[in-house]
Chemist: 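Before I ask anything, here is the structure I am working with.
In listed order, ligands and their atoms are each counted from 1.
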Amino acid sequence: MKTILVTGGAGFIGANFVRMILSERKNIKVVNLDALTYAGNLENLSGFMENKNHDFVHGDIRSHELVEKLLKEHKIDGIINFAAESHVDRSISSPGIFIDTNISGALNLLQCAKELGVKRFLQVSTDEVYGSLSPDEDKFSEETSMKPNSPYSASKAAADHLVRAFQHTYHIDTVITRCSNNYGPYQFPEKMIPLCINNIRNGKQIPVYGDGMQIRDWLYVYDHCTAIMQVFEKGESGEVYNIGGNNEKTNLALVKTLLKLLGKDESLIKFIKDRPGHDRRYAIDNSKITNSLGWKPSVTFEQGIARTVDWYLKNKAWLDHVTSGEYQKYYEKMYK
Ligand code: NAD
Ligand code: DAU
């Protein structure tokens, strides 16, 4: 039996990851450390809170005492760090918390991992550390230099530098993954896809920033999770792996796809003021992870987006609890 510390496992990708591991890997125990910020939601883990291989711990990755205690008590074999402030727009209005969580939090985890000899540390990073591409530029490879443009991506880039420095200086075994935009179940509806689905179902307008011709490279969240696990188990020490599924779409095309799937017309589209410093295009060259680890996505974009729309329509209560704030009472109901 292996025990891993997953941080941020009540958020969108972390919860999908925890659900995948507990469903598919009976020989892995998950200690799930999450501070339950506005983005953390225990309803994302429904059906798994009582699982015997799952220990949920409400706490902060910045607490040295707590992380040290968890590593010792559970004899943690590896750490996978999902915990972060993750929304670009929030980083533009309030950058400070992004520095605290994404940089100081990662530093604390690395220091604890070093002190207690954790065997492997995986940092879940993002393609946004590379900056922005013009329409005809080559996709991001692992060799592309970092040029982060938002306080969010700058904080993620700083964490990546710390991970690299800990490997180089203290010989800690680390790997970094840099994925493109995720979509799928349990995504907080401040992000583009669930926001669109929620607005469309309520007959509300869809706010499209600027001209809507920015490009994002979309990956179904389950496929991000399988890639992370493959890198954690088989990735070469000290390496970075880009993750993406070759699905570049303009925001406008994406919105039109969602309107069509939900049977609504384009009159709901509303162009609004652009995001300051808005990155124009992200695109991932995934040849390293596909060639060296044999990873590939399990679904096409068309399959993944249809499945996602279906999930939100079938889980209206989840969406209603998030939009009403009810989800934040779940912890109290369960534990107090
Ligand atoms: P999210 O915002 O949905 O979840 C973040 C989770 O971290 C929440 O549960 C929150 O409560 C927790 N958290 C925040 N601060 C914490 C702290 N100090 N201590 C403990 N827990 C804390 O984010 P997400 O979209 O699931 O992203 C997860 C990771 O993946 C992030 O590191 C993000 O940078 C990265 N990433 C996201 C995407 C994407 O498209 N969403 C793509 C590539 C990489
Ligand atoms: O590329 C990976 C990154 O993808 C992750 O590291 C981030 O954590 C994640 O939030 C995401 O960042 P984006 O800024 O690309 O995602 P977001 O869903 O906020 O926006 C997607 C695109 O849609 C982007 O070009 C901005 C645009 N947009 C977004 C919102 C919320 C709109 O046009 N209108 C909106 O209301």
Chemist: At a 4.0 Å threshold, what atoms of ligand 2 neighbour a non-hydrogen atom of His87?
Modeler: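 Contacts of ligand 2 toward His87, numbered from 1: 19 (O).
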
Chemist: Please determine if Asp127 and Arg178 form a salt bridge, counting it only when a charged side-chain N lies under 4.0 Å from a carboxylate O.
Modeler: no

Chemist: Looking only at non-hydrogen atoms, which of Glu128, Arg280, Glu190 approaches atom 13 (P) of ligand 2 most closely?
Modeler: Glu128

Chemist: Among all protein heavy atoms, pick the one closest to atom 18 (O) of ligand 2 and tell me residue, atom and distance.
Modeler: Met192 N, 2.8 Å

Chemist: Going by an N to O cut-off under 4.0 Å, is there a salt bridge joining Asp77 and Lys2?
Modeler: no

Chemist: May I ask you to decide if the ring planes of His54 and Phe56 are parallel, tilted or perpendicular, using 30° and 60° as cut-offs?
Modeler: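 Rings of His54 and Phe56: perpendicular, as their planes differ by over 60°.
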
Chemist: By number and element, which atoms of ligand 2 are closer than 4.0 Å to a non-hydrogen atom of Val208?
Modeler: 33 (O)

Chemist: Looking at atom 14 (O) of ligand 2, what's its closest protein heavy atom, distance included?
Modeler: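 Closest protein heavy atom to atom 14 (O) of ligand 2: Arg275 NH1, 2.6 Å.
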
Chemist: Between Trp311 and Tyr186, is the gap from one ring center to the other below 6.0 Å?
Modeler: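 Centroid separation for Trp311 and Tyr186: below 6.0 Å.
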
Chemist: Ring-plane angle category for Phe140 and Tyr282, please: parallel below 30°, perpendicular beyond 60°, tilted otherwise.
Modeler: tilted

Chemist: Answer yes when Arg275 and Asp89 have at least one side-chain N-carboxylate O distance shorter than 4.0 Å, and no when they do not.
Modeler: yes

Chemist: Name the closest protein heavy atom to atom 33 (O) of ligand 2, giving the residue it belongs to and the distance to 0.1 Å.
Modeler: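 Ranking protein heavy atoms by distance from atom 33 (O) of ligand 2, first comes Tyr209 N, 2.9 Å.
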
Chemist: In terms of atom number and element, which parts of ligand 2 are under 4.0 angstrom from non-hydrogen atoms of Lys191?
Modeler: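 In order of numbering, the contacting atoms are 10 (O), 18 (O).
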
Chemist: What is the nearest protein non-hydrogen atom to atom 16 (O) of ligand 2, stated with its residue, atom name and distance?
Modeler: Asn181 ND2, 3.5 Å

Chemist: If you measure from the Lys or Arg side-chain nitrogens to the Asp or Glu carboxylate oxygens, is any gap between Glu24 and Arg19 under 4.0 Å?
Modeler: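 So Glu24 does not pair with Arg19 through a salt bridge.
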
Chemist: Tell me which donor-acceptor pairs under 3.5 Å the side chains of residues 261-269 have, and how far apart each pair is, sequence neighbours excluded?
Modeler:
from   : atom 1 : to     : atom 2 : distance (Å)
Asp265 : OD1    : Ser267 : N      : 2.8
Asp265 : OD1    : Ser267 : OG     : 2.4

Chemist: Heavy-atom contacts with Tyr282 under 4.0 Å: which atoms of ligand 2 show up? List them by number with element.
Modeler: 1 (O), 15 (O)

Chemist: List the closest protein heavy-atom neighbour of atom 27 (C) of ligand 2: residue, atom name, distance to the nearest 0.1 Å.
Modeler: Asn251 ND2, 3.5 Å

Chemist: Minimum distance, heavy atoms only, to atom 10 (O) of ligand 2: which one of Ser86, Gly244, Gly212 is it?
Modeler: Ser86

Chemist: Flag the pair Asp310 and Lys314 as a salt bridge only when some basic side-chain nitrogen lies within less than 4.0 angstrom of an acidic carboxylate oxygen.
Modeler: yes

Chemist: Return a table of N or O atom pairs, ligand 1 on one side and protein on the other, at distances under 3.5 Å, rounded to 0.1 Å.
Modeler:
from     : atom 1 : to     : atom 2 : distance (Å)
ligand 1 : 2 (O)  : Ser86  : OG     : 2.7
ligand 1 : 3 (O)  : Phe12  : N      : 3.1
ligand 1 : 9 (O)  : Gly11  : N      : 2.9
ligand 1 : 9 (O)  : Asp34  : OD1    : 3.2
ligand 1 : 9 (O)  : Asp34  : OD2    : 2.6
ligand 1 : 11 (O) : Asp34  : OD1    : 2.6
ligand 1 : 11 (O) : Leu36  : N      : 3.4
ligand 1 : 11 (O) : Thr37  : N      : 3.1
ligand 1 : 11 (O) : Thr37  : OG1    : 3.1
ligand 1 : 18 (N) : Asp60  : OD1    : 2.9
ligand 1 : 19 (N) : Ile61  : N      : 3.0
ligand 1 : 21 (N) : Ala35  : N      : 3.1
ligand 1 : 23 (O) : Ser86  : OG     : 3.2
ligand 1 : 26 (O) : Phe12  : N      : 3.3
ligand 1 : 26 (O) : Ile13  : N      : 2.8
ligand 1 : 32 (O) : Phe82  : O      : 3.0
ligand 1 : 32 (O) : Lys156 : NZ     : 2.6
ligand 1 : 34 (O) : Tyr152 : OH     : 2.6
ligand 1 : 34 (O) : Lys156 : NZ     : 3.0
ligand 1 : 40 (O) : Asn182 : N      : 2.9

Chemist: Which atoms of ligand 2 are found less than 4.0 Å from any heavy atom of Val88?
Modeler: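 Going through ligand 2 atom by atom, the ones under 4.0 Å from Val88 are 14 (O).
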
Chemist: Heavy-atom contacts under 4.0 Å between Asp127 and ligand 2: side chain, backbone, both, or neither?
Modeler: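 The answer is the side chain.
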
Chemist: For atom 24 (C) of ligand 2, which candidate among Arg281, His224, Lys156, His278 holds the nearest heavy atom?
Modeler: His278

Chemist: Just to confirm my output: which protein heavy-atom neighbour is closest to atom 34 (N) of ligand 2, and how far is it?
Modeler: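 Going atom by atom, the protein heavy atom closest to atom 34 (N) of ligand 2 ends up being Pro207 O, 2.7 Å.
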
Chemist: Please identify which atoms of ligand 2 are closer than 4.0 Å to at least one heavy atom of Tyr152.
Modeler: 5 (C), 6 (O), 7 (C), 8 (O)

